[in-house]
Amino acid sequence: MLLDTPIESLPATSSVTIHRFKALGINTYFDLLNYFPFRYEDYSLITPIARIQEGEVMTVKGMIVQSKNEITKRGFRLQKITIQDESARLTLTWINQPYLVHVLKEGISIYVAGEVVRFAGKISIQPNEWELAKEETIHTNRIVPVYSEIRGLSSKTIREKVFHVISHLKNTAEPHDQMPGEVVKFNNIASLHEAYIGVHFPKSKALLAESRSRLSFDELLGLHLYSQMTRREWQLKKATHRLLLDKNKELLITKFIKELPFELTEDQKTSISEIKQDLIKTHPMNRFLQGDVGSGKTVVAAIAAYISFLCGFQTLIMAPTEILAMQHYETILKLFKSLPLKIAIQTGSKKSMKGKNDSFDIIIGTQALLTSSLAFQRVGLVVIDEQHRFGVAQRSLLKEKGKEPHLLTMTATPIPRTLALTLYGDLDLSTITQMPLGRLPIKTFLVPLVKRAAAYAWIEKKVNEEHIQVFIICPLIEESESETLQTVKAAKKEYEHLKNIVFKGLNVSLLHGKLKPKEKELIMKEFSVGKTDILVSTSVVEVGIDIPNATIMIIEGAERFGLAQLHQLRGRIGRGKLQSYCYLFSEIQDEGKLKRLHFFTGTNNGVKLAEYDLGQRGAGNIFGTKQHGYLKLKIASLSDMELMRQAKNAALYILEKYPHLYSISSMQKQIEEVKIANN
Ligand code: ADP
Ligand code: MG
């Protein structure tokens, strides 16, 4: 098999290059073909020299009529090569590549591609690529693949090596396509063989699109197959603890709900009944509860925990940070204050658990719950808040620790349904779309620079007269996995300015990611009890923080955030009965760029916002910078809803008709690679 050929067999390839390929995990020809271009240059159209136009990227073909080295006054060596076609002559200039004149000799025909520029009054092409004219070119005279250059491998080198493989691949039927013929036909997708050729060296734009589409289809199909298979496997498992509800317990649940300080929304009721149905089944629940910030997921989780308690089991509730764990702890304590549940908090800095672990009914903590040496014997339910911050590895660890408890994962990240089904196809989905009654929608405004002073003055007045509190979110200076020093520095500067000048008479504090957990906690505590009027913060401020008295938020540099992220930030206000206001500050003037922000001011629906951004800016924005690489898809785009839908249907069909065609273990590696970046 050609595609099994080890990379060492590439002709005319130095051992250094081979080594670099291997460092990228490319060991065979097949691996090489799976290193897809990230963009293409269209050098397929040959323009007569007389018709080249400044500012355009163009390709010309001509015969060399003069070739010489020149030395500038500053000592640079220039290579001046003049070519000619039927229409005109053109002089091309290279810098410091004196060997070129030995290759590009008079009488030889070449292709040259690049941007048309004017230099010292003369029009020419900046030679981005050049190539001797021959029947089949690699770098010019076609749609040319561009690969990301890493670890000393240039796009050009990769292109040459891929070209070598592709030119041999054409004489084979490889790679073997295991997709059933009727699936290929029904979805009208290209053959795998054609797709691998077309993704690297497409003959036309149409063929390129078809090729990418086929390979994307396969990638999405893999995700769906994997999650559907995992789902089936999960359903075969036996729950360690079966929860049995009798009439008496049902009555207690009803009573608990009736005595809540508020009426549950219909969506909350539906979610609870879905969870209840799951809990009494013989296989463990694996449910995903999605609900916008402030939609009231905590109480749903609390009721699930109550059911678990009534049946004699413990519940673990895990939050992504200590502050949130603390908040959950306080909320849960309040909810159960008149009931005999024993509730504990267990985080790095707070340990309320004394005595035997087994004597507690609800244990709240961070991921530390997993790694601690605590052994819980009676865990019937595990609740994970903001699940996408937990890695796959941690999730499976958890399953082992509590054996097979029921699992409820919750997120406020607005994920369009189709996307959720792709990412979490192995989970059952419950959604809360309604907001609790009596909640006034947040009013959002885009504030131009000239109105900033007026906005500050209005806010100061509101704080003084109504004693409400304010969040001021500082912009992201650099996108990165964790908060960069630069972002923190900018936040500090902004804080000094606000504290000493703008809001001189008010209590202002600063929160950022580089503070110690203890410091963060203190600052949050002071804000939540109303000691501070204004909290200046970077975007790290916890998603689920619940401070009903904070009703105003300013977001600086709003254009730097994805809409879904802005929405999560905004969700920290509007949590009580008071009217809340969100002000987007942006210094950009470009109406086109401001369009997104205008759209944002007009809707409070997280999923709509996520869909808008998904279409415009890709999936990275939904999960925010922290979740970059959350899904490292090789080629498919998560914004292609139609293809995702097709792939899902194909997966269901294949599992039904050809249950043994794909195995879960063979796909595991591929999928884990994709999802592992999730943390
Ligand atoms: P999230 O879904 O973002 O985790 P929370 O569970 O923190 O939301 O709930 C936000 C606030 O709404 C809390 O103060 C909670 O007590 C309150 N709440 C939850 N459900 C309702 C309801 N049905 N009616 C009124 N208030 C509610
Ligand atoms: Mg929450």
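Every number for a ligand or one of its atoms is a count from 1 in the order of the listing.
- Those atoms of ligand 1 with a heavy atom of V293 less than 4.0 angstrom away are 3 (O).
- The closest approach between G294 and ligand 1 falls below 4.0 Å for a heavy atom of the residue.
- Residue contacts with ligand 1 do not include Q327, since none of its heavy atoms lies under 4.0 Å from the ligand.
- Every heavy atom of L437 sits 4.0 Å or more from the atoms of ligand 1.
- At least one heavy atom of S295 lies less than 4.0 angstrom from ligand 1.
- Judged by distance alone, the side chains of H567 and D292 do bring a donor and an acceptor atom under 3.5 Å apart.
- Note: an N/O pair closer than 3.5 Å links G296 and ligand 1 by distance alone.
- For ligand 1 and T298, the ligand atoms under 4.0 Å from any heavy atom of the residue are 4 (O), 5 (P), 6 (O), 7 (O).
- When only modelled atom types and interatomic distance are considered, D278 and H406 share no side-chain donor-acceptor pair under 3.5 Å.
- Between F336 and F309, the ring center distance fails the sub-6.0 Å criterion.
- Residues Q469 and D533 have side chains that never bring a donor and an acceptor to within less than 3.5 angstrom of each other.
- Remark: ligand 1 atoms within the under-4.0 Å shell around heavy atoms of E263 are 22 (C), 23 (N), 24 (N).
- Using modelled atom types and a 3.5 Å distance limit, the side chains of T315 and S308 yield a donor-acceptor pair.
- In the candidate list R575, Q290, K269, R439, R439 is nearest to atom 17 (C) of ligand 1, counting heavy atoms.
- Listed by number with element, the atoms of ligand 1 under 4.0 angstrom from any heavy atom of T265 are 23 (N).
- Of the N and O atoms on the side chains of E274 and S430, at least one donor lies less than 3.5 Å from an acceptor on the other residue.
- A cation-pi arrangement, defined by a distance under 6.0 Å to the six-membered ring centre and an angle within 45 degrees of its axis, is present between R570 and F600.
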